[in-house]
Number of protein chains: 2
Amino acid sequence: MTAAGKHQVSRAETPRRGGRQGRAGIRDVAAAAGVSITTVSDALNGKGRLPDATRRHVREVAERLGYRPSAAARTLRTGKSGLIGLTVTTYGDEPFTFTEFAYFAEMARAATSAALARGYALVILPATSRHDVWSNVALDGTVVIDPSDQDPVVTELVRQGLPVVSDGRPAGTLPVTAWVDNDHRAAVLDLLDHLAAAGARRIGLLTGTTTDTYTRLSTTAYLHWCERVGQAPVYESYPAHDPCAGAVAADRLLARPDRPDAVYGLFDPNGTDLLAAARRYGLRVPEDLLLVCCSESTVYATTEPPITTLSLKPRRIGTAVVQLLIDAIEGVKHDGPVEQVIPTELIVRTSSQRRPPRTTVSPPRSPTGD
Amino acid sequence: MTAAGKHQVSRAETPRRGGRQGRAGIRDVAAAAGVSITTVSDALNGKGRLPDATRRHVREVAERLGYRPSAAARTLRTGKSGLIGLTVTTYGDEPFTFTEFAYFAEMARAATSAALARGYALVILPATSRHDVWSNVALDGTVVIDPSDQDPVVTELVRQGLPVVSDGRPAGTLPVTAWVDNDHRAAVLDLLDHLAAAGARRIGLLTGTTTDTYTRLSTTAYLHWCERVGQAPVYESYPAHDPCAGAVAADRLLARPDRPDAVYGLFDPNGTDLLAAARRYGLRVPEDLLLVCCSESTVYATTEPPITTLSLKPRRIGTAVVQLLIDAIEGVKHDGPVEQVIPTELIVRTSSQRRPPRTTVSPPRSPTGD
DNA sequence: TTGAAAGCGCTAACAG
DNA sequence: CTGTTAGCGCTTTCAA
């Protein structure tokens, strides 16, 4: 073969062997640019020590041919897919409880942003491991929201050697790579103190029947607090995945003979549920009943009255979880522990203040001043 | 080589060449089971005409070794990844507006379920095509929510020969494979008729400044309706991605000298925004002001008063979009058109009825009866 | 009925 | 500085 004809072989209009018509491959680019496929790869990936001219030329040709590298081939070769799994523990029949609470949506959004910013994409996966889908997608790692104790998905993933970071302190000895969580205990204690300071004498709790960490820690904190201040616990539980059940439970709580004069609701919809229940019983908020619920929803800023909420800062959690996971994937070593505690925020509004901050009546005004 | 030693070569404890320790490959299974890799592949994928005994044996060995087929290799070989992209047109800086409205979350959830049920997973992707991530993931097709006219992402995907199904009728000549949408025009006309029947004399509109199809069609329908009944249009627009702006616009609308006696808000938070604004102006709902907004949020069932909402049925849309897309991916032919119109639902509550359905005061009761 | 061999399209050693 | 070569792990003809 003559030197001149070095890569002329497949140049010209040779239309590729099997030639899936349409998409150009790396060899087409190489041929069209008159270089080897290595040079194309290097030029496009910013590797090697090519002269700028070559690099530019190759990029131009690739662009002109509409060349798109095959993600599958790259993944197979490099062992990295750039894909991160996202799983949410399911409560009902649905594969996940995305919408039930604004929390998940917010968290997922932040996680997606953070992943995208570092060149990764999120794949939404079901919480059940038997699903074929899990083995059909090449994952670099996984984010697990609220893993249950002995979670089979986590166990399997770890066995495969994949990094797993959980949102929510893993129960038991679940071997996650890292986790991010709030200090639920502290948050609840603070909040109860806040209610007590606002004049509450008997604080009730609206909680869940599920055994996830969040529910468990929050409820335990409540019981401890009651014990500490010598109040008899007053609470109602319901299956948190069922939105109707929340309203019923709220009603039950306010129907009790030992009716609380303040209530904390663990779940997002509890605010409106409790408000509606209070209305049915002719209870004024905050005069007769103080209200706080854990929620990320902005509607509570404009309810009548606005309701104090505890924010778990899902955005910060989503971001942190993804950073930790990608660090693990890319082998970044962490000095500190692989646990990260995100502070919560109590957003105090009218519903938990016996005396509203301002007693002066403001005229109709633009509400931007919040 | 003796017949007996046929595949003994790599059996024994030969630990694989490069041997990424831990994960077993198809050859390991073949060696351990004393068969060829072809047989393993066939046995595991239910192909070929193997005797049941062989099949069972191979599966057993694979299970014992904890064998997981490489998704990347399979994708490279078959050209199918089982991955579907999901993109949401962005309004602000965030990669997408997931949370802003319950609509997106609901739709995404339904889409995820539907995809999972057919063996596919959803990958969340940014709306901007320049993002590297797009070319880093092997997609079988993409769902695009609310594509803008001439959407570059869609154009590029179609050029690559990938099926694209959009939620929202594509504007202009966007060459999507199929689309699903509501009949926004009919929905708005119906809803305005409903308000007029409830006694509204001057209906106002809270709309957006964006030019997406939903906003445009709804606003146009409103203007047409006004023309038809001879009412002067009364509306305020604001950038829908900014939650604060909504409250301000609601306030502006009710502050007008030609104040409407009924309002339809195009976006999810408008209900609470308008309710708060009405309160500031001392307007009673529904006595002085009838209210309807387009929302999927359940909070409107328990606001004071409950607010009538227009549901776009995001679940049905999400499901339909995914079915259509997977059909296209798998080459299922459709007799009918590739357009699908999902009916909307007007959920009538107190806020749009001059006379509440029941004037009898119910005693405190379980709210399940809804 | 089962196995050998040929790649899918790419990247990473290693030559030249 | 650039090209040749050897696979990544699997599925799929095709031959035995």
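Chain identifiers are assigned alphabetically (A, B, ...) following the order of the sequence lines, protein sequences preceding nucleic acid strands; residue numbering begins at 1 within each chain.
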Identify each atom pair where a protein N or O and an N or O of nucleotides 14-16 of chain D are less than 3.5 Å apart, giving names and distance.
none

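- In this entry the distance linking CG of B:Asp28 with P of D:dG9 reads 9 Å, nearest Å.
- Residues passing the side-chain contact (heavy atoms from CB on, under 4.5 Å) test with A:Ala71, sequence neighbours excluded: B:Ala138.
- Scanning for side chain to side chain donor-acceptor pair (under 3.5 Å) contacts around B:Arg118 gives B:Gln323, B:Asp327, B:Glu330, with sequence neighbours left out.
- Legend: residues meeting side-chain contact (heavy atoms from CB on, under 4.5 Å) with A:Ile329, ordered by chain and number and at least two apart, are A:Lys80, A:Ile84, A:Tyr120, A:Asp140, A:Pro163, A:Leu325.
- Listed by chain and residue number, nothing satisfies the salt bridge (Lys or Arg N to Asp or Glu O under 4.0 Å) test with B:Glu60 (two or more places apart in sequence, or in another chain).
- With sequence neighbours excluded, the residues that form a side-chain contact (heavy atoms from CB on, under 4.5 Å) with A:Arg64 are A:Val61.
- Residues satisfying the side chain to side chain donor-acceptor pair (under 3.5 Å) test with A:Thr39, not counting sequence neighbours, are A:Ser36.
- The separation between A:Leu76 atom CG and D:dA6 atom P is 18 Å, rounded to whole Å.
- With rounding to whole Å, A:Lys80 atom NZ is found 23 Å from C:dG9 atom P.
- Rounding to the nearest 0.5 angstrom, the gap separating the CG atom in B:Asn45 from the CZ atom in B:Arg55 is 9.5 Å.
- The backbone N or O of B:Pro126 sits less than 3.5 Å from a side-chain atom of B:Trp134, completing a donor-acceptor pair.
- The salt bridge (Lys or Arg N to Asp or Glu O under 4.0 Å) test applied to A:Arg159 returns A:Glu156, not counting sequence neighbours.
- Across its full length, the helix from C:dT1-D:dA16 to C:dG16-D:dC1 shows an angle of 40° between the axes of its 5 terminal pairs at either end, rounded to 10 degrees.
- In this structure, OG in A:Ser135 is found 8.5 Å from CD in A:Gln160, a value given to the nearest 0.5 Å.
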Seminar exercise, completed: Under a 4.0 Å heavy-atom criterion, the protein footprint on nucleotides 10-16 of chain C, written with B, S and -, is BBBB---
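- Put simply, A:Thr54 has no side-chain N or O that comes within less than 4.0 Å of OP1 or OP2 on D:dC1.
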For this session: May I have the step-by-step check of side-chain contact (heavy atoms from CB on, under 4.5 Å) for B:Leu125 and B:Val137, ending in yes or no?
Result: CA-CA 10 Å; B:Leu125 290 165; B:Val137 39; 4.2 Å; yes
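- At C:dC8, none of the side-chain N or O atoms of B:Thr75 fall inside 4.0 Å of OP1 or OP2 (strictly under the cut-off).
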